[in-house]
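The block underneath contains the structure these notes are about, expressed in structure tokens.
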Amino acid sequence: ILAAFICIVMLISLFPQTIKADTAGASIAVSSSSIEVGETVTLTVRLNSDVEIGSYQVTLAYDSSLLEYVGGEANGGAGTLTVSNYLDTPKKNVSFDLKFKGLATGTAKVETTDGMVVAYSTMDGMSFTHQGVKVEVTASSGTASTQEGTDDNGNTEEPSNLSEDASLYSLAVSPGS
């Protein structure tokens, strides 16, 4: 019996089995890499797999001092968003949009920090390589102000109401009522 078992094991080892793991990928596309304060930008997160996706959960981080989350399929805020979904109809590619508004000037990064894609047929979880994008938030052209102006010929002119001496001459404080 032992000899028969050894023969079977040896025969099986002559025909190697290839085991293929399911894989998933992620990408983030941005509608514009530069926006002004007050404008919105749309980020499209795409998940893809070599097998049909049954569900997914993705966590994203963003700089909440520069961007405000204003719409999409995510839950959360204040710098962290989570998007999760169970698909009624499995697909190899899914995507979702997230909208952000520029709050202050600077370079804001939005990136995936955690996530799992679940294969529909096996219910096996597949991780993916984390992705990120940068959005430059610039000053609004309508909010720029300067002390100088230009005349009709394009020459720089100083405002006429500026004082040469900015020393404090007097200060009066009245008692509160």
Side-chain angles (χ1 to χ4, degrees), residues 18-152 154 156-157 159 161:
T18 303
I19 298 173
K20 181 180 177 280
D22 297 332
T23 59
S27 64
I28 302 175
V30 61
S31 63
S32 176
S33 61
S34 180
I35 60 171
E36 291 183 356
V37 171
E39 291 183 334
T40 59
V41 63
T42 300
L43 275 64
T44 301
V45 179
R46 291 184 176 89
L47 302 172
N48 56 61
S49 175
D50 54 351
V51 296
E52 290 183 322
I53 298 170
S55 64
Y56 61 88
Q57 180 171 326
V58 179
T59 302
L60 298 105
Y62 65 96
D63 186 341
S64 60
S65 68
L66 300 177
L67 295 174
E68 175 186 15
Y69 172 65
V70 293
E73 302 175 28
N75 294 312
T80 304
L81 300 173
T82 301
V83 180
S84 58
N85 196 357
Y86 177 81
L87 303 174
D88 293 330
T89 305
K91 303 175 188 177
K92 289 187 176 184
N93 300 295
V94 296
S95 65
F96 53 88
D97 291 337
L98 304 171
K99 293 187 186 305
F100 294 89
K101 182 171 110 177
L103 295 177
T105 60
T107 302
K109 187 171 185 180
V110 181
E111 61 187 333
T112 59
T113 59
D114 193 20
M116 179 72 64
V117 176
V118 177
Y120 177 75
S121 60
T122 63
M123 300 307 276
D124 290 336
M126 301 173 283
S127 60
F128 51 84
T129 303
H130 296 293
Q131 301 294 318
V133 294
K134 292 182 180 178
V135 176
E136 185 71 28
V137 183
T138 60
S140 173
S141 58
T143 59
S145 63
T146 62
Q147 292 287 334
E148 299 177 345
T150 55
D151 61 16
D152 292 337
T156 301
E157 57 183 25
N161 61 347

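Atoms considered below: every heavy atom in the structure, side chains included; atoms not considered: hydrogens, waters and symmetry mates.
For F128 against A26, the heavy-atom pair with the smallest separation is CD1-CB, 3.4 Å. The two residues L67 and Y62 come nearest to each other via the heavy atoms O-CE1, 3.5 Å. Across all non-hydrogen atoms, the minimal contact from S49 to M126 is OG-CE, 3.5 Å.
Atom OG of S55 is separated from atom CG of D88 by 11.5 Å, given to the nearest 0.5 angstrom.
In this view, T40 satisfies the side chain to side chain donor-acceptor pair (under 3.5 Å) rule with no residue, not counting sequence neighbours. Under the rule for a side chain to side chain donor-acceptor pair (under 3.5 Å), the partners of S65 that lie at least two apart in sequence or sit in another chain are D63.
With a 4.5 Å cut-off on side-chain heavy atoms, Y120 and L87 do not count as touching.
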Pair I28-L60, side-chain contact (heavy atoms from CB on, under 4.5 Å): steps then yes or no: CA-CA 11 Å; I28 302 175; L60 298 105; 4.3 Å; yes
For a quick test of your reading: what N or O donor-acceptor pairs under 3.5 Å do the side chains of residues 93-119 make, sequence neighbours left out?
unit_1, atom_1, unit_2, atom_2, d
D97, OD1, T44, OG1, 2.7
K99, NZ, T42, OG1, 3.1
T107, OG1, E136, OE1, 2.4
T112, OG1, H130, ND1, 3.2
T112, OG1, Q131, N, 2.8
T112, OG1, Q131, O, 3.4
T113, OG1, T59, O, 3.4

Name every donor-acceptor pair, under 3.5 Å, that has one atom in a side chain of residues 68-85 and the other anywhere in the protein, sequence neighbours excluded.
unit_1, atom_1, unit_2, atom_2, d
Y69, OH, G72, N, 3.2
Y69, OH, G72, O, 3.2
Y69, OH, A74, N, 3.1

